[in-house]
Number of protein chains: 2
Amino acid sequence: MDILLIEDDPETARILREQLGEAGHAIVHAASAADGLARAGEGPFDIIILDRMLPDGTGLEVARRLRSKGCSWPILMLSALGRSEERVEGLDGGADDYLAKPYDRQELLARISALARRSAQQENGAIVTFGDIECHVRARTVFRRGVHVPLSPREYELLKFFIDHGGDVVTREMLLAAVWKLHFDPQTNVVDVSIGRLRRKLEAAHPEPVLETIWGTGYRLLACQPG
Amino acid sequence: MDILLIEDDPETARILREQLGEAGHAIVHAASAADGLARAGEGPFDIIILDRMLPDGTGLEVARRLRSKGCSWPILMLSALGRSEERVEGLDGGADDYLAKPYDRQELLARISALARRSAQQENGAIVTFGDIECHVRARTVFRRGVHVPLSPREYELLKFFIDHGGDVVTREMLLAAVWKLHFDPQTNVVDVSIGRLRRKLEAAHPEPVLETIWGTGYRLLACQPG
DNA sequence: ACCATGATGACAAATCTTGTCACCGTCCGT
DNA sequence: ACGGACGGTGACAAGATTTGTCATCATGGT
């Protein structure tokens, strides 16, 4: 796979280049934000790996600039610390996933292929499936067991986030950042209410529960049998 | 479902045969491009699974040959790596979906049923096409040249009526009766305004005019070339 | 049983859709 | 080329939907 790596620290860059190279990926390296934006034009890439801290601007800023230039390749953001605020912050600037820096090789490779697979699916048939749910990305429509589920824009965004993090537990903070673009707690239960509305619609199509509540933590999308 | 599997690697073929068999599908296996083309005649199949790399020709070539023989079964292409160039190439060649090879069982099965469902829908009229316009009846969504056209409910009803009367001249009275359920003249230009809004959206997807005005009579939907 | 946490119904605010109208441009017969 | 009829379009207002808030109820875990 073709990877654009935007990372200023030479040591980190060296290690990444080595690890990714071994796994059979081709790396294009940019050492600054400006360089990264320029080299993005050299594409196509399958994925962009972006350091959160760069000498001439933050990764967040670069992500936003890339998106506004119409670049839709998936972005994996790296940060020195795995603070959950940062993770949450990264999700709205256009980053698709977030990895804390003392990362392990396996996890890095796994995340890369997960992201690449996800975006490949979307470009393709534009149909992403999870369990018995089928999401037509371009039309922004959803089917459960072949039954159409009419969703409002918010509900769609919400469900899409769950599908993109298929099977993972998702916190309210993550949802607020990714769907509502809020980095602070609005002190209301918007998320809960929206989850409720989404649940009702999904269960109107098929009564089996799909959105599990993880008590004290968040929610998780369950993969129901399509049969 | 009946599946034609065209795959030269015996190990991959064995695993697929096993997984698909468990899921209740009937497999016909071909180990080369030539064999695949021959066995396609043994059909009917619900879906064709095709490896991108074969000893006697690429999957791309096979897909093209199958299509030119008039075979319209959906094709799922498999490839070793999920590289973006290959993906694009594959879809051009007539494949309907594309799956990178370290795939998981659930995903494979989900894609197969999605593809099969889609082609079934096309046959039973759940997807209606006219010229370069594609109308997904159950989801009430519309595409022009593959680009999604977001329509409001009224606009959708309006367009649907034109598609159902494909190519015919349609009068304002017909539209008022069918879309607005009015059997008298409301003495306003609702129809004209709605046509205008529909036109703008359809032409945002592709600039070629599709809704022709028949002066003194009504309107007509034109069949534009899908290319 | 108690407290913290999540679910839900009802209302309000914001957004999007639809219909109306006034005005402008275009077509066609003369 | 002119005039009148017909169609197109922008702006506004009424109506419908979506979204957010809050109060209240239900449920899980200790």
Side-chain angles (χ1 to χ4, degrees), chain A residues 92 140-142 148-162 169-204 207 209-222, chain B residues 139-142 148-162 169-204 207 209-222:
Chain A
D92 81 338
R140 303 173 62 93
T141 55
V142 169
H148 175 231
V149 183
L151 297 180
S152 75
R154 266 276 141 74
E155 287 156 4
Y156 173 84
E157 291 292 340
L158 199 53
L159 177 59
K160 182 70 173 29
F161 189 84
F162 276 101
V169 176
V170 160
T171 67
R172 288 187 179 71
E173 279 185 312
M174 289 165 70
L175 292 170
L176 283 168
V179 178
W180 279 265
K181 319 282 179 213
L182 293 178
H183 311 283
F184 53 89
D185 185 344
Q187 311 284 353
T188 73
N189 65 346
V190 222
V191 175
D192 305 48
V193 172
S194 302
I195 291 275
R197 308 209 242 245
L198 177 55
R199 262 192 190 137
R200 204 183 316 176
K201 289 190 182 177
L202 288 172
E203 286 167 20
V210 256
L211 271 172
E212 186 187 13
T213 304
I214 311 297
W215 228 78
T217 309
Y219 300 93
R220 174 166 52 189
L221 187 63
L222 299 171
Chain B
R140 304 175 61 93
T141 53
V142 169
H148 175 230
V149 184
L151 298 179
S152 75
R154 266 275 137 79
E155 288 155 5
Y156 173 84
E157 291 292 340
L158 199 52
L159 177 59
K160 184 70 171 37
F161 188 83
F162 277 101
V169 176
V170 159
T171 67
R172 287 187 179 69
E173 295 81 64
M174 289 164 72
L175 292 169
L176 282 168
V179 178
W180 279 266
K181 318 288 177 211
L182 291 178
H183 299 278
F184 53 90
D185 186 343
Q187 311 285 351
T188 75
N189 66 346
V190 221
V191 176
D192 305 48
V193 172
S194 300
I195 291 276
R197 307 210 241 244
L198 177 56
R199 264 194 188 131
R200 203 178 326 167
K201 290 190 182 179
L202 288 171
E203 286 167 21
V210 257
L211 271 171
E212 187 186 14
T213 303
I214 312 297
W215 228 78
T217 310
Y219 299 93
R220 175 166 52 189
L221 186 63
L222 299 171

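Just so we're on the same page: letters track the sequence lines, and every chain starts at 1.
Once rounded to the nearest 0.5 Å, the distance linking CD of B:E155 with CD1 of B:I195 reads 10.5 Å. A distance of 11.0 Å separates CD in B:E157 from CG in B:L151, rounded to the nearest 0.5 Å.
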Less than 3.5 Å apart, which donor and acceptor atoms pair up between the side chains of residues 178-193 of chain B and the rest of the protein, not counting sequence neighbours?
residue : atom : partner : partner atom : Å
B:K181  : NZ   : B:A178  : O            : 2.9
B:D185  : OD1  : B:Q187  : N            : 2.8
B:T188  : OG1  : B:V190  : N            : 3.4
B:D192  : OD1  : B:R172  : NE           : 3.1
B:D192  : OD2  : B:R172  : NH2          : 3.1

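A 4.5 Å side-chain heavy-atom check between A:L202 and A:L159 finds at least one atom pair inside the cut-off.
Protein chain B contacts DNA chain C from C:dT17 to C:dC27, reading 5' to 3' and using non-hydrogen atoms of the protein with a distance under 4.0 Å.
Here the shortest heavy-atom pairing between A:P209 and A:L222 reads O-CD1, 4.1 Å.
Scanning for side chain to side chain contact (heavy atoms under 4.5 Å, CB included) contacts around B:K160 gives B:C135, B:V137, B:Y156, B:D164, with sequence neighbours left out. Evaluation of the side chain to side chain donor-acceptor pair (under 3.5 Å) rule for B:E212 yields B:R220 as partners, not counting sequence neighbours. Annotation: side chain to side chain donor-acceptor pair (under 3.5 Å) contacts of B:E173 (sequence neighbours excluded): none. For A:T213, the side chain to side chain donor-acceptor pair (under 3.5 Å) test picks out A:R199, with sequence neighbours left out. In this structure, A:T217 has no side chain to side chain donor-acceptor pair (under 3.5 Å) partners at least two apart in sequence or on a different chain.
Listed by residue number, B:S152, B:P153, B:R154 are the residues of residues 149-159 of chain B with a heavy-atom contact under 4.0 Å to DNA chain C. Residues of residues 169-185 of chain B that place a heavy atom closer than 4.0 Å to DNA chain D, in numerical order, are B:R172. For DNA chain D, the residues of residues 192-203 of chain A within the heavy-atom distance limit of 4.0 Å (strictly under) are A:V193, A:R197, sorted by number.
Note: CG (B:N189) to P (D:dA11) measures 16 Å, nearest angstrom.
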Protein and nucleotides 27-30 of chain D: nitrogen or oxygen contacts under 3.5 angstrom:
none

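Bending across the helix from C:dA1-D:dT30 to C:dT30-D:dA1, expressed as the angle between its end axes from five pairs apiece, amounts to 40° (10° rounding).
Taking for each of A:V190 and B:T217 the nucleotide of DNA chain D with the nearest heavy atom, the 5'-most of the two is the partner of B:T217.
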